[in-house]
Amino acid sequence: MAAHRGGSNGRGWFWALAVGVTLLKLLLIPTYHSTDFEVHRNWLAVTHSLPVSQWYYEATSEWTLDYPPFFAWFEYALSHIAKYFDREMLVIQNLNYSSQATVLFQRLSVIFTDVLFIYAAHECCKCVNGKRAGKETLESPPFVLAVLLLWNFGLLVVDHIHFQYNGFLFGLMLLSIARLFQVRQRDK
Ligand SMILES: *[C@@H]1O[C@H](CO)[C@@H](O)[C@H](O)[C@H]1NC(C)=O
C-alpha cells in the first residue's frame with residue numbers, strides 16, 4: 001500500500017477529470033430541479049432569519065428543518081453568501097421562490113462545496129497503489145478510482161439535477177477514510 005511520494009508521476013489526469021466534471025456540473029445549472037431545491041431554500045431562510053432557538057420550531061413551509069445541527073449551521077453559513085445573490089430567497093414566507101439568481105446561487109453552492117469531495121477523492125487516490133504493473137494510466141488503480149468517484153453518475157444526477165449536497169457529505173466521509181489509511185501507513 002505504499003503511497004507514491006508526492007504523487008508527481010503525471011497526476012495531471014486527476015485535475016483534468018476534476019475540471020471536466022465541474023464544467024459538466026455548470027452545464028447542468030438550468031436543468032430541472034426537484035422540491036429539494038425548495039427544501040434547501042427554506043432552510044437558508046429559516047437559519048438566516050431566526051435565532052437558533054427557533055430553527056427547529058419554524059413551520060411556515062411544509063419542509064421544516066429536519067437535518068442535524070451541523071447541516072443547519074452549514075445552511076446558515078451559506079445564507080451569508082446567498083444574500084449577495086438575492087435577498088428574497090431568505091424570506092421565510094417566499095415559498096417556492098426561485099429567481100434566476102436564487103437558482104444560480106443554490107447550484108453554485110453545490111458545485112463549490114463539491115471541492116471538498118474532489119479533495120477527498122484526491123487523497124483516496126493517493127492511498128491506492130499506483131505502481132502495480134506500471135501500465136497505462138487508464139488501467140492504473142488511482143485513475144480508475146478517480147473516474148468512479150468524480151464521475152459517479154448517480155451522484156451527478158442526485159446533486160446537480162435533482163438537487164442535494166451528497167457530494168459534500170460524501171467528501172467528509174471519504175476524507176476520514178483517507179486519513180485513517182494515511183495514519184496506518186505512517187505507523188507501519
Ligand atoms: C410550492 O410547490 C409545491 C410543489 O410543487 C406545491 O405543492 C405547493 O402548493 C407550492 N406552494 C406554494 C405556496 O406555491
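What you are looking at is a predicted structure, and each value in this text was computed from that prediction instead of being measured. Both ligands and their constituent atoms are indexed starting at 1 by order of listing.
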TODO: Among all protein heavy atoms, pick out the one at the shortest distance from atom 7 (O) of ligand 1; state its residue, atom name and that distance to 0.1 Å.
DONE: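 Result: E62 OE2, 4.5 Å.
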
Open item on the list: Counting non-hydrogen protein atoms only, what is the nearest one to atom 5 (O) of ligand 1? Give residue, atom name and distance.
Closed with: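 Result for atom 5 (O) of ligand 1: T35 CG2, 4.7 Å.
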
- [ ] Describe, in one word, how the ring planes of Y76 and W73 are oriented to each other, choosing from parallel (under 30°), tilted (30 to 60°) and perpendicular (over 60°).
- [x]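 Aromatic pair Y76/W73 classed perpendicular.
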
Is the distance between the ring centroids of [X] and [Y] less than 6.0 Å?
{"X": "Y84", "Y": "F105", "value": "no"}
{"X": "Y165", "Y": "H40", "value": "yes"}
{"X": "H122", "Y": "F14", "value": "yes"}

Task: Donor-acceptor pair between E88 and N94 side chains, under 3.5 angstrom - done: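 Yes, a side-chain donor-acceptor pair sits under 3.5 Å.
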
Open item on the list: Looking at atom 9 (O) of ligand 1, tell me if a protein heavy atom falls under 4.0 Å from it.
Closed with: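 Within 4.0 Å: no protein heavy atom nearby.
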
Open item on the list: In the complex you have, is atom 14 (O) of ligand 1 within reach of the protein, judged by whether a heavy-atom distance drops under 4.0 Å?
Closed with: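 So atom 14 (O) of ligand 1 has protein heavy-atom neighbours under 4.0 Å.
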
Open item on the list: Heavy atoms only: which of N94, N96, L95 lies closest to atom 3 (C) of ligand 1?
Closed with: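 The option holding the nearest heavy atom is N96.
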
